[in-house]
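Below: the structure, in structure tokens.
As the structure lists them, so they are numbered: ligands from 1, and atoms in each ligand from 1.
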Amino acid sequence: MSTNPSTASADPGTNRDDHPVPVVPATPAGTSSGTAIVKAEVLVTSPDRNFVTLRLTTADGVVGLGDATLNGRELAVASYLQDHVVPLLMGRDAHRIEDTWQFLYRSAYWRRGPVTMAAIAAVDVALWDIKAKLAGMPLYQLLGGASRTGIMAYGHASGRDLPELFDSIRHHQELGFRSIRVQTGIPGIDKVYGIAAQHTNTGSRYDYEPAQRAPLPAEEDWDTRAYLRHIPTVFEAVRNEFGPELPLLHDGHHRMTPIQAAKLGKALEPYDLFWLEDVTPAENQDALRLVRQHTTTPLAIGEVFNTIWDYKTLIEEQLIDYVRSPVTHAGGITGLKRIFDYASVYQIKSGAHGPTDVSPVGLAAAIHLGLAIPNFGIQEYMQHAPATHEVFRTTYSFAGGRLDASDAPGLGVEYDDEAAAAFPYEAAYLPVNRLLDGSMHDW
Ligand code: CS2
Ligand code: MG
């Protein structure tokens with residue numbers, strides 16, 4: 001890995017330190033050596049925020065990109081890739097996507113987890129990019145072809161108070177959004193998750209990126225009772241102002257106990273939410289049974305999940321309505337498609353995570369997958385900063401509330417090394433949360 005000028009490569013037979021690495025005997029029967037992986041680069045750059053990207057190149061010079069960004073823990077994935085995965089890829093046939101996925105998942109022995117699954121995702125997506133380029137098709141064609149004309153995306157409206165929130169909703173409608181997430185300040189709480197306009201300890205705008213470039217995580221504060229009292233009044237006001245049609249979403253960001261979550265879901269029923277997200281930490285999937293018994297507000301969960309096993313109870317018992325993992329953290333197209341397919345059996349839809357910490361490569365992969373699957377629900381779309389688009393040259397589009405892929409072969413994203421070199425890595429951390437008495441709480 002290199003952090004500036006953000007390239008590092010491993011040619012066959014060497015690693016970063018020029019120690020010999022065993023070259024994998026390339027290929028089973030039928031493989032053309034032109035599709036052997038001969039170069040794998042771990043690219044770290046920070047155009048507005050940190051991103052980790054894997055770039056694979058075949059002997060014939062076809063290039064594929066995969067996103068490996070794990071917000072606040074970026075270099076762990078960069079090292080996992082550079083030190084433990086890149087050497088294993090040299091000489092492998094780029095066509096063998098499923099076999100490579102299984103090989104990386106099983107050979108690690110230490111299964112699952114965000115670092116491992118983000119690394120596998122990056123390899124997987126880069127291989128899909130290569131395969132689609134070799135086929136001369138946009139990736140969604142290889143996933144079964146388009147099932148719809150663009151994928152509905154929701155944007156993030158927020159405000160410290162109602163007037164600011166209403167302005168933000170109107171602004172998002174002007175940008176073309178037809179579905180909107182609503183987050184507001186809570187009276188009595190100083191800094192709250194998801195409010196773009198609030199000021200931070202570094203003095204910069206919190207905006208759409210909660211991770212701050214500082215040596216220590218920022219501290220926010222939290223009071224669940226104040227939140228539970230306030231949020232239903234916000235949705236009542238938003239419905240009164242914007243009417244019953246507009247699909248509205250809200251993110252609880254893992255802060256409630258199951259019974260508090262049940263209470264909130266019930267209180268929000270009159271305002272007909274599209275979904276209520278991450279109401280409670282869900283490492284214990286059983287907790288959702290209690291929430292589900294009490295409310296018909298649709299539930300979305302999973303942005304911190306990595307594998308199908310994290311969803312097993314939630315899906316089989318139909319405790320959620322939307323699966324929230326991003327391609328980037330759930331083992332790539334191969335891993336997330338498997339989760340979506342399993343969810344579809346239970347009438348559960350997709351709702352992939354799409355904050356700015358999923359890179360344009362990860363977002364493009366989600367667009368291709370969302371176009372193809374039968375059970376698409378909605379896609380989060382926070383919009384990357386202009387500097388991010390200087391490095392990641394994208395071809396996807398947003399119009400009429402929907403994201404769409406272009407006809408470019410593969411993912412339709414290119415990485416500009418020269419632009420990336422101007423944005424060296426800078427440590428950034430997500431905030432932590434304290435209750436009013438000073439004890440740590442879920443952020
Ligand atoms: C969030 C994210 O987009 C969402 O729904 O919960 O903003 C989350 O906080 C970040 O991805 C953390 O990196
Ligand atoms: Mg969320």
Is the NZ or CZ atom of Arg49 both under 6.0 Å from the centre of the six-membered ring of Phe51 and within 45° of that ring's axis? yes

query = Do Arg255's NZ or CZ and the ring of Trp222 fall within the cation-pi criteria of under 6.0 Å and 45°?
reply = yes

Does a donor on one side chain sit under 3.5 Å from an acceptor on the other, for [X] and [Y]?
X	Y	result
Asp404	Ser397	no
Glu380	His156	yes
Tyr154	Gln379	no
Arg111	Thr307	no

Going by the 4.0 angstrom heavy-atom rule, the piece of Arg49 near ligand 1 is neither

Heavy-atom contacts with [X] under 4.0 Å: which atoms of ligand 1 show up? List them by number with element.
X	result
Leu430	12 (C), 13 (O)
Pro355	3 (O), 11 (O)
Asp251	1 (C), 4 (C), 5 (O), 6 (O)
Arg181	4 (C), 5 (O)
His253	1 (C), 6 (O), 8 (C), 9 (O)
Trp443	9 (O)

For N/O/S atoms only: which one belongs to [X] and is nearest the Mg ion (ligand 2)?
X	answer
Glu277	OE2
Asp251	OD2
Glu303	OE1

Is any side-chain N of the basic residue among Arg324 and Glu277 closer than 4.0 Å to the acidic one's carboxylate O?
-> yes

Exactly one candidate in Trp275, Phe340, Tyr311 meets ring-ring contact (aromatic ring centres under 6.0 Å, His included) with Tyr322; the answer is Trp275

(Q) Quick check: His353 and ligand 1, any N/O pair under 3.5 Å apart? (A)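 Yes, since at least one N or O of His353 sits under 3.5 Å from an N or O of ligand 1.
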
